[in-house]
Amino acid sequence: GAVVSQHPSRVICKSGTSVKIECRSLDFQATTMFWYRQFPKQSLMLMATSNEGSKATYEQGVEKDKFLINHASLTLSTLTVTSAHPEDSSFYICSARDVYGTTKNTGELFFGEGSRLTVL
Amino acid sequence: AQSVTQLGSHVSVSEGALVLLRCNYSSSVPPYLFWYVQYPNQGLQLLLKYTTGATLVKGINGFEAEFKKSETSFHLTKPSAHMSDAAEYFCAVSEGLRRRALTFGSGTRLQVQP
């Protein structure tokens with residue numbers, strides 16, 4: 001099946017620094033990836049849609065300058081949390097759709113393992 | 001617009017008892033429906049999905065769900081709970097558009113008591 005790998009799984013940083021999270025589709029091409037944020041004991045909130053070779057589409061209320069998304073290849077999308085602050089601490093999960101596979105028309109997403117960001 | 005409602009943020013059952021997690025959806029087109037499971041500090045794993053065809057869908061780990069269009073429901077069941085089933089469960093809906101993300105319900109935390 002389609003596999004999505006996310007790295008790092010955990011990261012701790014100081015306030016004011018930037019953190020990059022990578023999301024890779026290992027065995028399929030992902031023209032579209034989705035970044036979600038999950039607060040403790042809550043559901044997944046869509047942050048942005050990452051499109052290969054073009055600008056990401058951000059959901060309302062998500063600061064594009066704070067959460068930089070780059071989708072430079074068909075297998076890699078990155079999320080950079082710039083000038084991180086404690087309120088950015090959260091669990092970030094990426095997902096991808098296999099648009100060329102058998103699930104291409106169903107909307108099924110394949111998820112990475114998630115990255116827990118802690119900003120001190 | 002699509003939406004998902006999961007009734008009951010917490011469900012507790014005894015080991016061996018029936019598991020029933022409720023999900024109702026709203027969609028302007030015939031939906032694709034999913035149940036995902038999340039273990040602590042991990043991503044989401046697909047349990048099962050309904051796309052077309054048979055309305056009773058069987059998934060992994062003995063779970064199944066039935067799509068009921070008239071009730072706009074997609075409840076998840078398992079005849080006999082196991083301790084390892086304790087996790088967070090999310091129902092999600094898609095309208096099948098390639099560039100659209102899934103819309104998730106608020107999640108249900110399943111506890112299994114020994």
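By convention in this document, chain letters (A, B, ...) are assigned in the order of the sequence lines, proteins followed by strands, and residues within each chain are numbered from 1. This is a predicted model, so every value here is computed, not measured.
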Count the heavy atoms of every other residue, nucleotide or ligand shown that sit under 6.0 Å from [atom1] of [X], and state whether that count exceeds 12.
| X | atom1 | value |
| --- | --- | --- |
| A:Arg116 | CZ | yes |
| A:Lys55 | NZ | no |
| A:His7 | NE2 | no |

Test of understanding: clusters of I, L, V, M, F, W, Y form through side-chain heavy atoms closer than 4.5 Å, transitively. Do [X] and [Y] belong to the same one?
| X | Y | result |
| --- | --- | --- |
| B:Leu47 | B:Val13 | yes |
| A:Tyr58 | A:Ile93 | no |
| A:Phe67 | A:Leu46 | no |
| B:Tyr25 | B:Leu56 | no |

* Asked: So, do B:Phe34 and A:Glu108 sit near enough that their side-chain heavy atoms are less than 4.5 Å apart?
  -> yes
* Which atom pair, heavy atoms only, marks the closest approach of B:Ser106 to A:Ser43? ->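 For B:Ser106 and A:Ser43, the tightest heavy-atom pair comes out as CA-CB, 3.7 Å.
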* If you look at every heavy atom in A:Leu109 and B:Tyr36, which pair is closest and at what distance? ->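 Looking at all heavy atoms of both residues, the shortest contact is O-OH, 2.8 Å.
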Approximate separation, where rounding is to 0.5 Å, of [X] [atom1] and [Y] [atom2]:
| X | Y | atom1 | atom2 | value |
| --- | --- | --- | --- | --- |
| A:Ser95 | B:Leu102 | OG | CG | 7.0 Å |
| A:Glu113 | B:Asn41 | CD | CG | 12.5 Å |
| B:Leu46 | A:Phe111 | CG | CZ | 9.5 Å |
| B:Phe104 | A:Gln38 | CZ | CD | 9.5 Å |
| A:Gln6 | B:Gln42 | CD | CD | 12.5 Å |

* To do: Under 4.5 Å heavy-atom distance to chain A, tell me which part of B:Tyr50 shows up: side chain, backbone, both or neither.
  =>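 Contact with chain A: none, neither part.
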* Asked: Checking heavy atoms, do the side chain of B:Gln38, its backbone, both or neither come under 4.5 Å from chain A?
  -> side chain
